[in-house]
Amino acid sequence: MSNPRAAQDTQTTTTGAETASPSPNLTGDPREATYTTAPTAGGQQPTAAADPGPAGTATAPGPTTDVGAAAAGDTDPTAGAGGEYYSPRDVDGDGDVDLIHTRIEGIDTITHIDEDGSITLVEQDTDGNGTYETGIAPTATGIRLAEDLDDDGTVDLATHLDPATGAPVRQDVIEDGRITDTRLDTTADGNPDVHLIDSNGDGRFDTALLDTDLDGVTNDTLVDTNGDGTFDLRTADTDDDGTQESFDTATDGHLGSIEQFEALIPAEDHYHEQAGTYPAETPADPSATDLA
């Protein structure tokens with residue numbers, strides 16, 4: 001599971017001095033933005049850039065640039081595409097800084113700030129093409145990153161990170177706003193051991209590939225072929241050579257159900273909304289071997 005660039009798939013898009021309602025569209029254009037004078041050395045600094053969240057909120061790792069690092073003298077937005085600047089803005093006119101627009105080392109960053117001064121979202125244009133294709137934001141259970149890989153304004157890949165270590169624990173492939181493929185690292189060893197797939201596009205996973213001995217090779221594949229939520233086909237790699245040699249079919253549900261894997265995903269996650277499943281709680285310390 002790779003460690004991707006920062007991004008978030010349900011974000012607020014900012015253009016100029018207006019803030020749109022939450023949208024999966026990450027596109028914005030810094031060239032249309034307005035700028036304010038950066039704080040002077042003795043002036044009041046805006047709330048925010050150092051503290052990603054209040055106590056009890058997942059702390060996001062810093063973006064690829066330090067949003068508060070630009071010096072007061074490096075604030076001229078006319079300095080060219082690579083010029084550095086620091087631009088705090090009060091979007092709603094309440095006297096508090098709502099977002100900070102910076103360009104550092106050629107990377108445009110918009111940092112969104114809550115009323116209490118915590119950072120709620122960081123958006124970046126990492127490839128310098130004028131659109132914000134990446135972003136990062138804390139969630140109830142950790143940190144979520146997402147990427148618009150083809151710059152079409154929609155997220156293609158979202159990665160969930162452990163707030164303590166920053167390590168990827170889950171990665172979602174998103175197509176047309178739906179999660180179609182998820183890889184989970186249930187043992188926190190840096191490698192995914194559960195791979196869930198929605199093969200028929202109905203919004204719910206129907207296939208589970210399991211690496212039960214944590215060697216990087218799929219040992220068991222479980223498939224719900226009729227869409228009733230229970231697995232009726234199992235294939236297995238009995239000698240760990242990468243080939244599934246044996247198979248088993250069932251109509252009585254003894255192969256298990258997709259619910260045991262869906263329970264690995266937090267109840268408030270978008271997946272459960274699209275699939276129509278709402279588990280009561282996430283099991284503590286799940287492992288692939290327990291689920292085999």
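Just so it is clear, the structure is predicted and the values come from calculations on it, not from any experiment.
Judged by distance alone, the side chains of S199 and D206 do bring a donor and an acceptor atom under 3.5 Å apart. With no hydrogens or angles considered, no side-chain donor-acceptor pair links Y86 and H101 at under 3.5 Å. D185 and N191 share no side-chain donor-acceptor pair at under 3.5 Å. Donor-acceptor pairing under 3.5 Å is lacking for the side chains of E147 and T134. Residues D151 and T131 have side chains that bring a donor and an acceptor to within less than 3.5 angstrom of each other.
Rounding to the nearest 0.5 Å gives a distance of 5.5 Å between CD1 of I258 and CG of L196. Here CG of L184 is found 6.0 Å from CD1 of I265. Values are rounded to the nearest 0.5 Å. A distance of 3.5 Å separates OG1 of T159 from CD of Q171, quoted to the nearest 0.5 Å. The distance from atom CG of L161 to atom OG1 of T141, rounded to the nearest 0.5 Å, is 10.5 Å. Note that CG of D232 is 3.0 Å distant from OG1 of T225, once rounded to the nearest 0.5 Å. Here the CG-CG distance, from D213 to D193, works out to 10.5 Å after rounding to the nearest 0.5 Å.
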>> Using the rule given for side-chain hydrogen bond (donor to acceptor under 3.5 Å, both in side chains), can you reason through D240 versus N219, listing the C-alpha separation, both sets of side-chain angles and the distance that settles it, and then say yes or no?
In response: CA-CA 7 Å; D240 212 31; N219 304 104; 3.2 Å; yes

> Should H112 and T120 be marked as a side-chain hydrogen bond (donor to acceptor under 3.5 Å, both in side chains) after you check the CA-CA gap, both sets of side-chain angles, and the distance that decides it?
Replying inline: CA-CA 6 Å; H112 298 254; T120 59; 5.5 Å; no

>> Could you go through I110 and V122, starting from their C-alpha distance and side-chain angles, then the distance that decides it, and tell me whether this counts as side chain to side chain contact (heavy atoms under 4.5 Å, CB included)?
In response: CA-CA 6 Å; I110 293 180; V122 175; over 6 Å; no

>> One pair to check against side chain to side chain contact (heavy atoms under 4.5 Å, CB included): D198 and D181. What are the steps and the verdict?
In response: CA-CA 6 Å; D198 173 12; D181 184 298; over 6 Å; no

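A donor-acceptor contact shorter than 3.5 Å is absent between the side chain of E259 and the backbone of G229. Judged by distance alone, the side chain of Q124 and the main-chain N or O of E133 form no donor-acceptor pair under 3.5 Å. A donor-acceptor pair under 3.5 Å is formed between the side chain of D228 and the backbone N or O of T230. Proximity of a side-chain donor or acceptor of D156 to a complementary backbone N or O of L149 within less than 3.5 Å is detected. Looking only at distances, no side-chain donor or acceptor of D148 sits under 3.5 Å from a matching main-chain atom of V155. Listed for the R144 side chain is no donor-acceptor partner under 3.5 Å among the backbone atoms of A158. The closest donor-acceptor contact from the side chain of Q260 to the backbone of S257 lies under 3.5 Å. H160 places no side-chain N or O within donor-acceptor distance of the main-chain N or O of V169, the cut-off being under 3.5 Å. Of the possible polar contacts, none joining the T102 side chain to the I104 backbone as a donor-acceptor pair under 3.5 Å is found.
Remark: D94 pairs with D90, D92, D96, D98 by the side-chain contact (heavy atoms from CB on, under 4.5 Å) rule, at least two apart or across chains. Listed by chain and residue number, T207, L209, T218, V223, T235, Q244 satisfy the side-chain contact (heavy atoms from CB on, under 4.5 Å) test with T221 (two or more places apart in sequence, or in another chain). In this structure, the side-chain hydrogen bond (donor to acceptor under 3.5 Å, both in side chains) partners of R204, at least two apart in sequence or on a different chain, are E262. Residues passing the side-chain hydrogen bond (donor to acceptor under 3.5 Å, both in side chains) test with D189 are T187, sequence neighbours excluded.
A salt bridge does not link R234 with D248: none of the charged nitrogens is closer than 4.0 Å to a carboxylate oxygen. With salt bridges taken as basic N to acidic carboxylate O contacts below 4.0 Å, one links D269 and R170.
Taken together through direct or relayed side-chain contacts under 4.5 Å among Ile, Leu, Val, Met, Phe, Trp and Tyr, L233 and F261 form parts of separate hydrophobic clusters. F231 is not connected to I197 by any chain of hydrophobic side-chain contacts under 4.5 Å among Ile, Leu, Val, Met, Phe, Trp and Tyr, and they are in different clusters.
Between V97 and L99, the shortest heavy-atom distance links the atoms CG1-O, 3.5 Å. When all heavy atoms of P163 and G142 are compared, the closest pair comes out as CD-CA, 3.9 Å. In this structure, G216 and D211 approach most closely via the heavy-atom pair N-OD2, 2.8 Å. Across D125 and Y132, no two heavy atoms sit closer than the pair N-CD2, 3.5 Å. The two residues P192 and R183 make their nearest non-hydrogen contact at CB-CB, 3.9 Å. Of all heavy-atom pairs between G227 and D224, the closest is N-OD1, 3.0 Å.
Two residues are said to be in side-chain contact when any heavy atoms from C-beta on lie closer than 4.5 Å; L222 and L210 meet this criterion. A heavy-atom distance below 4.5 Å is found between the side chains of D237 and D239. For the pair Q274/R178, a side-chain contact is recorded, criterion being any heavy-atom separation below 4.5 Å from C-beta on.
Every pair tested for ring-ring contact (aromatic ring centres under 6.0 Å, His included) that includes a residue from residues 171-193 fails, sequence neighbours excluded, so the list is empty. Sorted by first and then second residue, the ring-ring contact (aromatic ring centres under 6.0 Å, His included) pairs with a member in residues 178-229 read F205-Y271; sequence neighbours excluded.
Sparse packing is recorded around CG of D176, with 12 or fewer heavy atoms of other residues, nucleotides or ligands lying under 6.0 Å away. Residue E268 places its CD atom among more than 12 non-hydrogen atoms of other residues, nucleotides or ligands, all under 6.0 Å distant.
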